[in-house]
Asker: 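First the structure, then my questions, so here it is.
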Amino acid sequence: MINKGPCLVRRDRTVLLDCSHPEFEAARDRLPMFAELVKSPPLYHTYRITPLSLWNAAALGASADGIAECLAQLSGHELPSGLTEEMKLLMSRYGRLTLHSADGADELLLRGDSEELLNEPEVGAAAIACGFHRTGPLEMTGSAARRGMLKQELARAGYPVLDSAGYHQGEALDISWKESDDSFQLRDYQREAAERFEAFGGSGIIVLPCGAGKTIVGLAVLEASQCETLILTSNATSVRQWTEELKMRTNLAPEFVGEYTGERRPVRPVTVVTYQMLTHRVSKSEGFKHMGLFNERNWGLIVYDEVHLLPAPVFRATAEIQATRRLGLTATLVREDGREGDVFSLIGPKIYDCPWKTLERRGWIAAVQCQEVPVPMETELKKRYLYGTAKEKFRLASVNPVKAEMAAKIIKAHKGASILVIGQYLDQLAELAAIVGAPVITGKTPQQERAKLYNAFNEGILPVLIVSKVANFAVNLPDASVAIEVSGAFGSRQEEAQRLGRVLRPKRGDNRAYFYTLVTEDSREQEFALRRRLFLTEQGYEYTVMSKFGEETKDGI
């Protein structure tokens, strides 16, 4: 790459980052604030500046001139002609349209900063489709019930709305931190995140790595809001963790906190429920009978934990409750279905983002060494692989029996550590369990048994625990210092981020952890492994590829 800086900026809003440049790491830390990582081969990483990445940057206070200056510094050259102007145009659209409460409680005003803006065909068509009509040179009026739908349609048209219509307070709730817990205090970034939510007005996404205490941030927002709250999360284990933190950290009496799961479905001033429960139905012809929970009480706040997992039916329900304050918590805004724009429209923009490596440098999360371990295919497996379909080839490579032997070697090398073995396929996990002599947790494991095994692992009684994808999210295993990924869900970037998160909690001593991913050589699994690592690469994690376990060969992505 012939330039002074580590980056080559192209007219199509893509940025190439030279991985061999001395300023590579500094550039990698700056680019994700306004660009998305697209590809990460060993020589050059490719980023793309999108309208959504620019709008999120604008919500965090960035300007087009500031981004242009950053890109010029990183490239060492003037930017391509017209690029700065294009970024200014895209970013200027954020906030040019605003929503306001009308005199009537059931109506909203959509205001533009110029008559020409409301005359734009894309704006007019989107607003009219949502039932809004022109009532003045700079405004349109429509039903408050279409608030979410309007924001979705205008964002898709390229004109994101700044929602200033306000929020209802909800039923008041007296909640405060427990005074008896003198050892507990908010970390500075947790306090900053909660304060940012309040300053922004009542809706938005807070992005923090796994292990950084997103649940505590949620409690801080709840304590500041002083209102009844509905908390949506990813699984039953997470439900239990939220309720335990509420009871341990706050003054709420147990009868004020409800776990809406399984057969017990109490609706309390603070209620915690899974996305799965909300979207459960007996058949496709029937409705979602638990979706009424959104209107069961006068909620003043809804917390969307692991917001990147938000299912489509919950998007629709959220579009109907835009007058309720909404907090999204996540380690990654990446969605495998590409609906990041709907998260932006309906939950809110990214309002706080603390880079993973920043927290690592400050000791709040562990420093993780990531290593890819190539695993060979034996002759018989090669024959089956050669004649398999694309899907069969991926599965055959994923469940390669040699992986069990490699996992056993890694476990032996980390004797005395708390080790998680994580995989996708239950038969593979059962085989591993037999070889290494460790228990397995899958979706079929009863909650009581899961809790028992997790506790034994946390107490050091179980040095090795094998888990399926049920442990990808919201499992509190603070002492896990080694994770071995034996198989994954195709190219899921969010899954890779969550799995790394299992070992991110700070560790005693040198505060180090290890993440191994086992990948079958000369197979489709290598391609998907590369995709899975995209998000982690963006966060500053580099994989060392090994010729065999214990011998490094080259730096990976």
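Note that the coordinates shown come from a computational prediction; the quantities given were computed from them, not determined experimentally. In what follows, residues are counted from 1 in the order of the sequence shown.
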Asker: Step by step, would you call T274 with Y260 a side chain to side chain donor-acceptor pair (under 3.5 Å)?
Answerer: CA-CA 8 Å; T274 65; Y260 194 92; over 6 Å; no
Asker: Treating Q190 as the side-chain partner and A212 as the backbone partner, does any N or O pair qualify as donor plus acceptor under 3.5 Å?
Answerer: yes
Asker: Do the charged groups of R111 and E139 touch, with an N to O distance under 4.0 Å?
Answerer: yes
Asker: Would R325 and Y167 count as a cation-pi pair here, with the cationic atom under 6.0 angstrom from the ring centre and within 45° of the axis?
Answerer: no
Asker: Check for a donor-acceptor pair, side chain of R146 on one end and backbone N or O of G142 on the other, with a separation under 3.5 Å.
Answerer: no
Asker: Testing the 3.5 Å rule here: is there a donor-acceptor pair between the side chains of T50 and E36?
Answerer: yes
Asker: What heavy-atom pair brings I175 and N251 nearest, and what distance separates the two atoms?
Answerer: CA-OD1, 3.3 Å
Asker: Answer whether the closest heavy-atom distance between the side chains of F288 and L278 falls below 4.5 Å.
Answerer: no
Asker: Salt-bridge test for D342 and R335: reply yes if a basic N is under 4.0 Å from a carboxylate O, no otherwise.
Answerer: no
Asker: Is it true that E495 and R499 have a side-chain N and a carboxylate O under 4.0 angstrom from each other?
Answerer: yes
Asker: So F200 and P349, do their side chains get closer than 4.5 Å, heavy atoms only?
Answerer: yes
Asker: Nearest 0.5 Å, what's the NZ-CG distance between K151 and L108?
Answerer: 9.5 Å
Asker: Would you check, one step at a time, whether the test salt bridge (charged side-chain N to carboxylate O under 4.0 Å, His left out) holds for E259 with R240?
Answerer: CA-CA 7 Å; E259 294 184 7; R240 179 57 54 86; 2.9 Å; yes
Asker: Hey, is R156 close enough to E153 for a salt bridge, meaning N to O under 4.0 Å?
Answerer: yes
Asker: Do the non-hydrogen side-chain atoms of N295 and I321 ever get within less than 4.5 Å of each other?
Answerer: yes
Asker: Just verifying a value: how many Å separate Y541 OH and W356 CH2, rounded to the nearest 0.5 Å?
Answerer: 6.0 Å
Asker: Indicate whether the side chain of Q169 and that of Q226 have a donor and an acceptor atom separated by less than 3.5 Å.
Answerer: no
Asker: So, taking the atom named CD1 in I67 and the one named OG1 in T84, what distance separates them when rounded to the nearest 0.5 Å?
Answerer: 10.0 Å
Asker: Judged by atom type as modelled, is there a donor-acceptor pair below 3.5 Å linking the side chain of R450 to the main-chain atoms of T445?
Answerer: yes
Asker: Can you establish whether the number of heavy atoms outside R48 located under 6.0 Å from its atom CZ is more than 12?
Answerer: no
Asker: Verify whether one side chain among T330 and H308 offers a donor that lies under 3.5 Å from an acceptor in the other.
Answerer: yes
Asker: Looking only at side chains, do T358 and Y189 share a donor and an acceptor under 3.5 Å apart?
Answerer: no
Asker: Could you check whether D188 pairs with R362 (Lys NZ or Arg NE/NH1/NH2 to Asp/Glu carboxylate O, under 4.0 Å)?
Answerer: yes
Asker: With distance as the sole criterion, is a donor-acceptor pair present between the side chains of Q185 and R191 under 3.5 Å?
Answerer: no
Asker: To the nearest 0.5 Å, tell me how far L99 CG sits from L109 CG.
Answerer: 8.5 Å
Asker: Taking C-beta and beyond as the side chain, do L301 and V221 meet within less than 4.5 Å on heavy atoms?
Answerer: yes
Asker: Should S238 and D305 count as side-chain neighbours, where that means a heavy-atom distance under 4.5 Å?
Answerer: yes
Asker: Report yes if the distance between the aromatic ring centroids of F294 and W299 is under 6.0 Å, otherwise no.
Answerer: no
Asker: Anything under 30° is parallel, anything over 60° is perpendicular, the rest tilted; go ahead and classify F184 against W177.
Answerer: tilted
Asker: Can you measure from OG (S176) to CG (L222) and round to the nearest 0.5 angstrom?
Answerer: 11.5 Å
Asker: At what distance, to the nearest 0.5 angstrom, does CG of L154 lie from CG of L110?
Answerer: 6.0 Å
Asker: Could you pull out the closest heavy-atom pair between L60 and R196, with the gap in Å?
Answerer: CA-NH2, 3.8 Å
Asker: Do the side-chain N and O atoms of D65 and S63 include a donor-acceptor pair separated by under 3.5 angstrom?
Answerer: no
Asker: Heavy atoms only: give me the nearest T324-H168 pair and the separation to one decimal.
Answerer: OG1-CE1, 3.0 Å
Asker: Do you see a donor-acceptor pair shorter than 3.5 Å between the side chains of H133 and T135?
Answerer: no
Asker: Assess the side chains of T237 and Y454: does a donor N or O sit below 3.5 Å from an acceptor N or O?
Answerer: no
Asker: Please examine the side chains of V273 and H290, heavy atoms only from C-beta on, and report whether any two atoms are closer than 4.5 Å.
Answerer: no
Asker: Please indicate whether Q276 has more than 12 foreign heavy atoms, meaning atoms of other residues, nucleotides or ligands, lying under 6.0 Å from its CD.
Answerer: no
Asker: Is K357 salt-bridged to E360, cutoff N-O under 4.0 Å?
Answerer: yes
Asker: Do other residues, nucleotides or ligands put more than 12 heavy atoms under 6.0 Å from K247 NZ?
Answerer: yes
Asker: Any Lys/Arg nitrogen of E255 or R268 sitting under 4.0 Å from an Asp/Glu carboxylate oxygen of the other?
Answerer: no
Asker: Any donor-acceptor pair under 3.5 Å linking the side chain of T271 with the backbone of V267?
Answerer: no
Asker: Mind checking whether W55 and F344 have parallel, tilted or perpendicular rings, split at 30° and 60°?
Answerer: tilted
Asker: Taking ring-ring contact (aromatic ring centres under 6.0 Å, His included) as the definition, give me every residue that meets it alongside F256, ordered by chain and number, with sequence neighbours left out.
Answerer: none
Asker: Show the nearest heavy-atom pair for residues A331 and K214, with the distance to one decimal.
Answerer: N-CE, 4.1 Å
Asker: Any side-chain heavy-atom pair from L252 and V270 closer than 4.5 angstrom?
Answerer: yes
Asker: Give me the atom names and distance for the closest heavy-atom approach of P209 to I365.
Answerer: CG-CD1, 4.1 Å
